[in-house]
Amino acid sequence: MDKMIQNKKQNMKIYSLYRAISKDLIFYYAIEFLFLTQVKHISSSDVVLGGAMYAVFMIIFQIPASIVVDKIGTRKCTIIANIFNSIFVLLIMFCDNLGTLIFAQFISSLCFSLKDISDSALIQYSIPNSKKQGEIFSRLEGKGAKDYYLINAITYVGAGFLYVINPYIPIIGSFCFTILAIFLSLGFSEVEEKTTKEEPPKKYMKELWEGVKFISNSQRLRSLFLYSGIAWGIFCLIGSYRASLMVDIGTPEQVITIIAAITSVSASIGSKKQIQFHNHFRNKSLSTILWITTISIFIIGVAGVVNSSHQITLTILVLRLYFDLFCKRNQWGAFYKISRKFCRR
């Protein structure tokens, strides 16, 4: 028992640092579109298609990922997921056609399907059962997210200047961060206690099927999950279109990455304010988010069509990006709150 307590303390000690390094790819997203189109000569439409395939793979893998984490264990899945992340960066580094890009997105979807479940489950099993369990989890996750956004903003700025020197340098930097995430994940210990005998596959699948039927029989939950899939896919696609538009209007690489760094702050604000946002709008949170996103997309589309000056178009694009990231972060907080309320019913 003392060993188990020690393992849990060790997990809690390194979790925030681990999340700051591995929450998402560092360096990569700032120059993703530029690298794939300018260096690898993949068309803009193929880059967008690759992003769409990633969204499709993520939706497909949600239930299988839950089964894998449950069977293999949270620590092993966390390590495997980070290995997949390193493989993804290597595939991007040597990518030269759409087929390789789609395969890389397939590997990335495997990574984050597992990570999204195993990372949070691992730390939740490590926190002692108490009234402050949720508060401790929020504090550890919040510190990791805050440090991630700080690192992300700094590396975004550096990525643009390094890209001008050699476009492969930011990709190598991203790969190094994924390797560091693997080593940090190896420091975790498996602390999930098996109190009961392992269930037979048939019983497990029966319970899983009952859960699926519960969701399908609830109109509100069906609508909620349909909304989540559509909205998340939209946010994935407009990320590629946003980068494409900045390239089309002649924005220098350094400026593109600096803009990404500045607007990364909005994601941090969105993460911190998601509870207040939901408490203010209540059940209208999700519709409010989509209204803001729709209006901002429409405005930037009009600015592009009327051929306004570069400065005006870029300013509108930056403001739209700010609201986009703010809404994207608030969406998941609202989705989590509303889905929990519906499930309790």
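Only heavy atoms go into these numbers, but all of them, side chains included; no hydrogens, no water, no symmetry mates.
Residues Cys77 and Ile117 form no side-chain contact, since every pair of their non-hydrogen atoms from C-beta on lies 4.5 Å or further apart. You'll find the side chain of Leu101 reaches within 4.5 Å of the side chain of Leu36, heavy atoms only. Counting heavy atoms from C-beta on, the side chains of Val89 and Phe177 never come closer than 4.5 Å. Looking at Met58 and Asp116, their side chains come closer than 4.5 Å, going by heavy atoms from C-beta outward. Side-chain contact check for Pro167 versus Ile31: every heavy-atom pair is 4.5 Å or farther apart. Side-chain contact check for Ile26 versus Ser174: every heavy-atom pair is 4.5 Å or farther apart. The shortest distance between side-chain heavy atoms of Ile154 and Ile151 does not fall below 4.5 Å. Counting heavy atoms from C-beta on, the side chains of Phe112 and Tyr54 come closer than 4.5 Å.
Other residues, nucleotides and ligands place more than 12 heavy atoms under 6.0 Å from the NZ atom of Lys40.
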**OP:** Step by step, work out the side chain to side chain contact (heavy atoms under 4.5 Å, CB included) result for Leu98 and Ile42.
**Re:** CA-CA 7 Å; Leu98 177 60; Ile42 298 174; 5.6 Å; no

Original post:
Yes or no on side-chain hydrogen bond (donor to acceptor under 3.5 Å, both in side chains) for Tyr29 and Asn152, after CA distance, side-chain angles and deciding distance?
Top reply: CA-CA 10 Å; Tyr29 294 115; Asn152 201 40; over 6 Å; no

**OP:** Under the side chain to side chain contact (heavy atoms under 4.5 Å, CB included) rule, what do Phe27 and Ile171 come out as? Steps first, then yes or no, please.
**Re:** CA-CA 7 Å; Phe27 272 115; Ile171 302 295; over 6 Å; no

**OP:** Show your working on side chain to side chain contact (heavy atoms under 4.5 Å, CB included) between Phe57 and Ile102 and close with a plain yes or no.
**Re:** CA-CA 10 Å; Phe57 291 142; Ile102 291 177; 4.1 Å; yes

Original post:
Does the pair Ile172 and Ile169 meet the rule for a side chain to side chain contact (heavy atoms under 4.5 Å, CB included), with working shown?
Top reply: CA-CA 5 Å; Ile172 294 173; Ile169 296 178; 5.6 Å; no

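Taking both residues in full, the closest heavy atoms of Thr74 and Ala121 are given as CG2-CB, 3.7 Å, listed atom of the first, atom of the second, then distance. Among all heavy-atom pairs drawn from Ser126 and Asn11, the shortest one is OG-ND2, 3.0 Å. The nearest pair of heavy atoms linking Gly187 to Gln10 is O-CG, 3.9 Å. Of all the heavy atoms in Ser113 and Ala65, the pair that sits closest is O-CB, 3.6 Å. When all heavy atoms of Tyr125 and Lys8 are compared, the pair lying nearest together is O-CE, 3.5 Å. For Glu190 against Arg75, the heavy-atom pair with the smallest separation is OE1-N, 3.1 Å.
Judged purely by atom type and a 3.5 angstrom limit, Lys115 uses its side chain to pair as donor or acceptor with the backbone of Ser22. Asn85 places no side-chain N or O within 3.5 Å of a backbone atom of Ala81 that could act as its donor or acceptor partner. For the pair Ser16 (side chain) and Leu140 (backbone), a donor-acceptor distance under 3.5 Å is present.
Considering CD1 of Ile83 and CG of Leu114, their distance stands at 11.0 Å, rounded to 0.5 Å. The distance from atom CG of Asp70 to atom OG of Ser118, rounded to the nearest 0.5 Å, is 12.5 Å. Between atom CD of residue Gln6 and atom NZ of residue Lys13 there is a gap of 10.5 Å, rounded to the nearest 0.5 Å. Note that the OG atom of Ser189 and the CG atom of Leu122 stand 9.0 Å from one another [nearest 0.5 Å]. The structure places CD1 of Ile87 at 8.0 Å from CZ of Phe103, a figure rounded to the nearest 0.5 Å. Distance CD1/Ile79 to CG/Leu184: 11.0 Å, rounded to 0.5 Å.
With sequence neighbours excluded, the residues forming a ring pair (Phe, Tyr, Trp, His ring centres under 6.0 Å) with Tyr28 are Phe88, listed by chain and number. Phe188 pairs by the ring pair (Phe, Tyr, Trp, His ring centres under 6.0 Å) definition with Tyr18, not counting sequence neighbours.
When Arg19, Lys23, Gln124 are each tested for a side-chain hydrogen bond (donor to acceptor under 3.5 Å, both in side chains) with Asp119, only one passes: Arg19. Checking each of Tyr168, Phe94, Tyr163 against Phe35 for a ring pair (Phe, Tyr, Trp, His ring centres under 6.0 Å) leaves exactly one that passes, namely Tyr168.
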